[in-house]
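Both backbone and side-chain heavy atoms feed into the values below; hydrogens, waters and symmetry mates do not. Counting from 1, the numbers follow the sequence of the chain as shown. Indexing begins at 1, ligand by ligand and atom by atom, following the structure's order.
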Amino acid sequence: MALVALGVTGGIGAYKAVEVARGLQKHGHDVAAIMTRSARRFVGEITFEAITRRRVITSQWRPGANADIEHISLASDIALLLVAPATAGAIGRFAGGIADDFLSALYLATRAPVLMAPAMNTNMLEHPAVRANLATLGARGVQFVEPGAGYLACGWIGKGRLAEPDEIVEAAQRVLQPSGSLLGRLIVVAAGPTYEDIDDVRYIGNRSSGKMGYAVAAEAVRRGARVILVSGPSSLTPPSGAELIRVRSAAQMHTAVLRHALDADMVVMAAAVADYTPERRTAGKIEKADAPLELALVRTPDILADLGRARGGGSAPVLIGFAAESGDPAERGRQKLLRKGADLMIANDISAEGLGFDSDLNAATLISRDGTEAFPAGLKTALAAVILDRAEALLAPQTT
Ligand code: CTP
């Protein structure tokens with residue numbers, strides 16, 4: 001079906017790349033494996049050669065490789081460049097545009113989409129240098145299959161383990177053969193809490209985990225949408241295929257959402273945005289004193305209401321809000337729907353035991369201008385599907 005360049009770099013997960021190659025072949029794709037020098041310390045090239053039935057590219061200095069300038073000819077033939085596992089080194093070389101081996105030269109030479117599955121030690125993954133490189137690549141349109149959490153080969157428990165081969169193949173399939181009811185749509189999802197800094201140490205936050213918004217983002221990706229996930233601080237692994245923008249405060253979330261909302265078909269405000277922020281942030285740490293501490297708080301911008309105002313009388317983007325209420329959620333949700341100019345409001349009762357905040361479960365009332373619909377207690381992933389079913393019906397037909 002398609003020719004996929006599978007870049008294998010030197011991480012312990014390199015052995016899993018064999019399964020990735022097989023998975024791609026099962027979907028009918030042809031795989032050209034490229035192994036970096038360090039990858040060959042983990043797996044032999046013969047393994048990939050036997051599986052892919054192609055010569056494995058290990059160096060740009062192999063005699064013959066320059067007769068047709070192999071990295072250039074392969075670059076124009078491939079439908080996808082997939083790197084699994086992608087080490088911090090490979091990510092850094094791609095981000096820096098350093099073409100010092102075949103794979104990094106191929107990255108610069110190809111116009112095919114690029115998908116990377118990072119894998120490394122937790123501290124390496126969280127290092128500002130790696131995070132900056134990932135952000136640079138993300139901004140250039142590189143997509144990622146997020147690493148999982150668990151036991152790492154280095155003995156740590158944490159995030160950094162290469163995603164499972166099935167998940168990587170699925171993500172590749174989404175790039176190679178996009179399909180789904182939201183194909184061609186751009187959906188912005190805001191999720192998680194916001195943190196409003198008081199000083200360099202303290203902040204005002206809330207108990208939102210981000211689970212509901214992340215579930216909506218994952219479902220939208222599954223349906224073929226391009227998804228921009230604007231996330232406040234959350235420990236969740238973002239769904240692969242979504243473009244992640246991390247923010248901290250309500251003001252930052254406001255900027256990020258509004259920047260992308262104009263082009264979006266739908267905005268889902270699942271975030272628990274702080275309504276107030278300290279009037280000023282104190283540098284350093286506020287020292288305690290015997291007198292009570294008074295903190296002046298000012299209102300934050302209301303993102304959903306601003307979106308409602310910005311689209312005026314138009315119908316795009318479709319606007320979906322959430323209303324966490326502790327009394328008569330349906331009625332208060334309906335008022336918020338009208339006040340903020342949204343199309344659909346998902347109201348839930350936060351006083352219900354075991355539901356809502358930080359839980360995998362939720363019960364909600366879906367409120368539109370036409371009426372209400374109850375979603376009895378169920379998984380947030382199931383609620384995400386119902387929300388998108390209803391929201392899809394509100395989308396204007398696509399112009400091609
Ligand atoms: N929201 C927003 N910007 C804010 C506050 C809330 O976009 N500054 C969005 C939320 O993401 C949610 C909806 O508005 O989709 C309702 O949020 P909620 O906190 O329930 O409503 P508030 O307007 O803050 O009303 P109140 O706190 O008085 O219930």
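For H29 and Q173, the side-chain atoms include at least one donor-acceptor pair closer than 3.5 Å. Side-chain contact of D101 with S104: a donor-acceptor pair under 3.5 Å is present, judged by distance alone.
Ligand 1 places these atoms under 4.0 Å from at least one heavy atom of A323: 20 (O). Ligand-side atoms of ligand 1 in range of T300: 8 (N), range being under 4.0 angstrom from any heavy atom. Below 4.0 Å from some heavy atom of A324 lie the following atoms of ligand 1, by number and element: 20 (O).
Contacts of H254 with ligand 1, taken as heavy-atom pairs under 4.0 Å, are absent altogether. Heavy atoms of P301 found under 4.0 angstrom from ligand 1 belong exclusively to the backbone.
Note: an N/O pair closer than 3.5 Å links M269 and ligand 1 by distance alone. For ligand 1, the polar-atom distance check against A271 finds a nitrogen or oxygen pair separated by under 3.5 Å. Residue I320 has no nitrogen or oxygen atom sitting less than 3.5 Å from a nitrogen or oxygen atom of ligand 1, judged on distance alone. For ligand 1, one of its N or O atoms has an N or O atom of K336 under 3.5 Å away.
Nearest to atom 2 (C) of ligand 1 by heavy atom, out of D302, L307, I346, L319, is D302.
Not one N or O on the side chain of T194 forms a donor-acceptor pair closer than 3.5 Å with the backbone of R248. Side-chain atoms of N348 never come within 3.5 Å of backbone atoms of A364 as a donor-acceptor pair (strictly under, hydrogens ignored). No donor-acceptor distance shorter than 3.5 angstrom exists from the side chain of R202 to the backbone of K285, with no hydrogens or angles considered.
Residue, atom and distance of the protein heavy atom nearest to atom 3 (N) of ligand 1 are I303 N, 3.0 Å. Atom 27 (O) of ligand 1 has its closest protein heavy atom at D275 OD2, 3.1 Å. For atom 16 (C) of ligand 1, the nearest non-hydrogen atom of the protein is F322 O, 2.9 Å. R332 NH2, 4.3 Å is the protein heavy atom nearest to atom 28 (O) of ligand 1. Of all protein heavy atoms, the one closest to atom 7 (O) of ligand 1 is L304 N, 2.8 Å. The shortest contact between atom 9 (C) of ligand 1 and any protein heavy atom is with K340 NZ, 3.9 Å.
Remark: D306 does not engage K340 in a salt bridge, criterion side-chain N to carboxylate O under 4.0 Å.
In this structure, the side chains of R246 and R131 come closer than 4.5 Å at one or more pairs of heavy atoms.
Judged as a ring pair (Phe, Tyr, Trp, His ring centres under 6.0 Å), and not counting sequence neighbours, Y214 has no contacts.
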